[in-house]
Amino acid sequence: MRLLLVEDDRMIGDSLRNALRQAGFAVDLVRDGRAAESTLASERFDLVLLDLGLPQRDGMDVLRATRARGDRTPVIVLTARDTLTARVRGLDAGADDYIVKPFELDELLARIRAVVRRQAGRAETTLAVGEVTLDTATRQVTLAGAPVALSAREYAVLEALMLRPGAILSRAQLEDRLYGWGEELESNAITVYVHQLRRKLGERFIHTVRGVGYYVGVPGAGSA
């Protein structure tokens with residue numbers, strides 16, 4: 001899952017980006033409001049973590065402009081503005097959640113999962129396709145009830161596919177969900193992860209559409 005983190009405080013931004021990457025997310029970081037606007041207008045993210053007190057352009061203005069152009073990317077506001085009026089303004093401007101600094105990483109991760117579930121129209125944390133289940137809260141994967149150990153990248157590929165069963169995701173789409181700016185990417189990385197997942201979950205679990213991409217489940221059941 002690819003996140004955009006908008007945070008001008010260098011220490012907070014760098015430490016949060018590192019913590020989120022260790023939790024398995026691809027994270028890109030920008031440090032001012034204008035950079036956030038241009039990035040959101042040109043690239044796709046699964047979720048945005050948005051500070052409000054930004055240089056160049058206030059985060060609230062960034063949020064309003066994002067919603068005004070019809071961008072429905074989930075946004076969680078992370079800010080020190082803790083008044084009731086500020087929280088109401090943020091939510092009314094289009095934020096999906098509003099978290100006041102300081103906060104615990106575990107709570108942020110839970111809020112991210114909850115917002116993504118709501119965006120996908122799901123209430124539960126468990127995804128199931130055939131005999132494979134994936135719990136987005138615990139990051140546990142099972143095959144016919146037996147636990148399966150996956151690397152962070154293998155899990156990320158599997159989660160992307162299982163979030164949209166039946167939808168064909170291209171290699172480029174999967175790379176976008178797995179890698180942030182500046183992260184080294186080998187040309188055959190997705191092919192390798194798919195091969196490893198098939199070895200662990202069954203050769204027929206992930207299907208290939210030659211020249212197009214990969215899918216799990218019934219073709220056409222999901223949306224890319």
Side-chain angles (χ1 to χ4, degrees), residues 1-5 16-28 44-50 72-78 90-91 94-100 102-169 173-180 190 193-194 196-198 200-202 205-207 214-224:
M1 184 179 299
R2 189 182 182 195
L3 310 182
L4 178 65
L5 173 60
L16 186 52
R17 175 179 57 185
N18 292 338
L20 289 166
R21 283 180 174 175
Q22 289 178 4
F25 296 101
V27 186
D28 296 324
R44 180 193 178 281
F45 296 90
D46 295 296
L47 185 138
V48 180
L49 301 174
L50 178 65
R72 299 176 59 189
T73 304
V75 175
I76 297 178
V77 168
L78 306 178
L91 294 169
D96 296 270
D97 203 347
Y98 192 106
I99 303 178
V100 175
F103 52 83
E104 295 293 333
L105 178 62
D106 285 346
E107 180 184 2
L108 175 60
L109 295 176
R111 301 267 193 132
I112 291 172
R113 292 191 295 265
V115 166
V116 170
R117 287 198 305 273
R118 289 200 300 271
Q119 183 77 358
R122 296 184 295 108
E124 71 284 353
T125 64
T126 302
L127 307 173
V129 176
E131 292 187 314
V132 176
T133 63
L134 180 153
D135 191 319
T136 59
T138 63
R139 301 176 66 83
Q140 292 182 334
V141 175
T142 63
L143 172 62
V148 179
L150 300 181
S151 70
R153 294 299 191 195
E154 290 168 357
Y155 175 91
V157 170
L158 181 63
E159 182 184 41
L161 292 169
M162 290 185 66
L163 281 168
R164 298 168 179 83
I168 301 170
L169 299 184
Q173 286 175 309
L174 289 170
E175 289 172 350
D176 282 346
R177 287 164 169 78
L178 266 64
Y179 294 93
I190 300 300
Y193 295 138
V194 168
Q196 293 169 343
L197 286 167
R198 283 174 171 156
K200 296 178 180 182
L201 302 174
F205 181 67
I206 298 177
H207 305 277
Y214 306 96
Y215 71 92
V216 298
V218 180
S223 166

Report yes if some heavy atom in the side chain of [X] is under 4.5 Å from a heavy atom in the side chain of [Y]; otherwise report no.
X      : Y      : answer
Phe25  : Leu109 : yes
Leu150 : Leu197 : yes
Val132 : Val148 : no
Thr136 : Val116 : no
Ile206 : Leu201 : no

Taking atom [atom1] of [X] and atom [atom2] of [Y], what is their separation to the nearest 0.5 Å?
X      : Y      : atom1 : atom2 : value
Ile99  : Arg111 : CD1   : CZ    : 4.5 Å
Met1   : Asp176 : CE    : CG    : 14.0 Å
Leu174 : Leu158 : CG    : CG    : 11.0 Å
Arg113 : Leu47  : CZ    : CG    : 12.5 Å
Ile112 : Leu49  : CD1   : CG    : 5.0 Å
Arg164 : Leu127 : CZ    : CG    : 10.5 Å

Does the pair Leu105 and Leu16 meet the rule for a side-chain contact (heavy atoms from CB on, under 4.5 Å), with working shown?
-> CA-CA 8 Å; Leu105 178 62; Leu16 186 52; 4.2 Å; yes
Has the side chain of [X] got a donor or acceptor atom that lies under 3.5 Å from a matching backbone atom of [Y]?
X      : Y      : result
Arg117 : Thr125 : no
Arg72  : Gln119 : no
Arg118 : Asp96  : yes
Glu154 : Ser151 : yes

Member of Asp135, Thr126, Thr133 meeting the side chain to side chain donor-acceptor pair (under 3.5 Å) criterion with Thr142 = Thr133
What's the shortest heavy-atom distance between [X] and [Y], and which atoms?
X      : Y      : value
Ile190 : Glu175 : CG1-CG, 3.6 Å
Pro74  : Val115 : CB-CG1, 3.4 Å
Met162 : Val129 : CE-N, 3.8 Å
Leu5   : Arg17  : CD2-N, 3.9 Å
Phe45  : Arg2   : CE2-NE, 3.4 Å
Arg44  : Asp46  : NH1-OD1, 3.2 Å

Apply side-chain contact (heavy atoms from CB on, under 4.5 Å) to Tyr214 and Leu169, showing your working.
-> CA-CA 5 Å; Tyr214 306 96; Leu169 299 184; 5.9 Å; no
